[in-house]
Amino acid sequence: MIYEFALARPCAAPYPHEQIHASMHRLRHALYRQGAKWTLPELDNMEFDEFDTLAARYLVGIDDAGQVRAQSRMITCDRPYMLASLWPELAQAVPLPRSARDAEGSRTGVDVSLPVADYRRWFAMLLIANVEWAVSHGIERLSFVTYQRVAEKSLEGAGLDVTYYGPTMSFPDGRFIAGYFPVSESLAASLRDLNRIDGQVFVPLPDQAPADTRRPAIAAATGKEKRDAVA
């Protein structure tokens, strides 16, 4: 299952809030600071940035040991989000969204140390959960920034109807492209069928959950970073 997670609310996963929070940021550090060698804020082998706020929602795939193996960060586009804040130049053909009907998925990644079959399974579940989360929150489109090869292989290759905001552009850490795709329940069902997955994989936050007053494991960063996750 892929669980919805928030900084100030407990999620439905049967693991401590602090454990999930720290494991998620350690995975991001492994993927982007250590793996991709991007220059990003870090603390105690955990990667984070100024978009990790109380308004952000996360999708986390957790193994039986309570370790996060797959994750995405979801932010509605009526709030500050990475594409509009850091890379508006990537949008040359299509205006960037500013509506709560749009959301950005960022820091989307799967643990690359997993066996290939497990990696592919987690990625499929994470993509499905992105769509299911969006539909459950009234989102109509999901935006992204990634490498062009990832957009073509992992998103278009999965059958998503991708529209690009503009051409691929070069940055210090690689060539990136931004785009979006429409989401619907029929898309989620199609992706589940394609990957032979029965039933919804996304588990929402518990209804009427009380605020978690414990201190988050990581404070939000104050400096800006200039790279996004691969899909």
Side-chain angles (χ1 to χ4, degrees), residues 1-5 11-13 20 23-24 27-28 30-32 35-36 56-63 67-77 81-83 97 101-165 176-205 228-231:
M1 308 302 288
I2 305 290
Y3 295 90
E4 185 176 20
F5 180 84
C11 77
I20 298 171
S23 182
M24 176 179 70
L27 175 59
R28 283 169 45 171
L31 291 174
Y32 309 121
R57 293 293 180 265
Y58 303 86
L59 301 176
V60 292
I62 307 172
D63 66 14
Q67 183 173 345
V68 174
R69 296 294 191 175
Q71 61 91 36
S72 290
R73 178 178 60 196
M74 318 302 289
I75 301 175
T76 55
C77 294
Y81 65 101
M82 288 209 303
L83 175 56
R101 292 286 184 179
D102 289 84
E104 176 190 64
S106 61
R107 292 298 185 267
T108 298
V110 176
D111 188 345
V112 295
S113 71
L114 292 169
V116 172
D118 291 345
Y119 178 95
R120 290 175 176 170
R121 186 69 169 176
W122 276 117
F123 181 82
M125 292 176 64
L126 186 61
L127 180 58
I128 293 166
N130 270 250
V131 176
E132 292 176 344
W133 175 89
V135 170
S136 74
H137 287 275
I139 304 298
E140 298 174 353
R141 305 189 306 178
L142 283 178
S143 293
F144 63 87
V145 178
T146 188
Y147 298 116
Q148 183 172 352
R149 66 179 183 274
V150 174
E152 293 173 349
K153 180 179 179 180
S154 299
L155 301 182
E156 292 185 54
L160 303 182
D161 183 16
V162 175
T163 297
Y164 294 105
Y165 287 112
F176 295 92
I177 195 166
Y180 68 87
F181 55 91
V183 296
S184 64
E185 178 51 48
S186 63
L187 174 60
S190 175
L191 291 172
R192 288 192 296 265
D193 289 344
L194 178 65
N195 291 280
R196 299 180 181 180
I197 293 175
D198 295 327
Q200 180 170 302
V201 302
F202 160 65
V203 181
L205 290 169
D228 193 17
V230 297

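Predicted model only: the values in this text are computed from it and were never measured.
- Side-chain atoms of M82 and R107, non-hydrogen and from C-beta on, do get closer than 4.5 Å to each other.
- Considering V201, N130, V131 as possible partners of L191, the one that fulfils the side chain to side chain contact (heavy atoms under 4.5 Å, CB included) test is V131.
- Test L126, I62, D111 against R69 for side chain to side chain contact (heavy atoms under 4.5 Å, CB included) and you get one pass: D111.
- Every ring pair (Phe, Tyr, Trp, His ring centres under 6.0 Å) that Y165 has, sequence neighbours left out, goes to Y180.
- Considering every non-hydrogen atom in both P182 and L187, the closest pair reads O-CD2, 3.5 Å.
- Between the side chain of E104 and the backbone N or O of S143, no donor-acceptor pair lies under 3.5 Å.
- For the atom pair OH (Y164) and CD (E156), the distance works out to 3.5 Å, reported to the nearest 0.5 Å.
- The distance from atom CE of M74 to atom OG1 of T76, rounded to the nearest 0.5 Å, is 10.5 Å.
- Taking all atoms of both residues into account, the shortest heavy-atom contact from G138 to R101 is O-NH1, 3.0 Å.
- Contact of the Y81 side chain with the P97 side chain is registered, since non-hydrogen atoms from C-beta on lie closer than 4.5 Å.
- Remark: R141 CZ is packed, more than 12 non-hydrogen atoms of other residues, nucleotides or ligands lying under 6.0 Å away.
- Relative ring orientation between F144 and F181 is described as tilted, the plane-to-plane angle lying within the 30° to 60° band.
- In this structure, the side chain of S72 does not engage the main chain of G105 through any donor-acceptor pair within 3.5 Å.
- Distance check, rounded to the nearest 0.5 Å: CD of Q148 to CZ of F176 gives 12.0 Å.
- Under the salt bridge (charged side-chain N to carboxylate O under 4.0 Å, His left out) criterion, no residue pair touches residues 114-124, with sequence neighbours excluded.
- For the atom pair CD of E152 and OG1 of T146, the computed distance is 10.5 Å after rounding to the nearest 0.5 Å.
- Here the shortest heavy-atom pairing between R57 and L205 reads NE-CD1, 3.7 Å.
- One finds the CG atom of L59 at 12.0 Å from the CE atom of M1 (value rounded to the nearest 0.5 Å).
- Between L127 and A158 the shortest heavy-atom distance is CD2-CB, 3.8 Å.
- Among residue pairs with one or both ends in residues 176-205, those qualifying as salt bridge (charged side-chain N to carboxylate O under 4.0 Å, His left out) are E132-R192, E185-R192; sequence neighbours excluded.
- Nearest heavy-atom pair across A70 and L27 is N-CD2, 3.8 Å.
- The distance from atom CD1 of I2 to atom CH2 of W122, rounded to the nearest 0.5 Å, is 5.0 Å.
- Judged by distance alone, with hydrogens and angles left aside, the side-chain atoms of S136 form a donor-acceptor pair with the main-chain N or O of W133 at under 3.5 Å.
- R28 forms no cation-pi arrangement with Y32, by the criterion of a distance under 6.0 Å to the ring centre and an angle within 45° of the ring axis.
- The two residues L31 and V112 come nearest to each other via the heavy atoms CD2-CG1, 3.9 Å.
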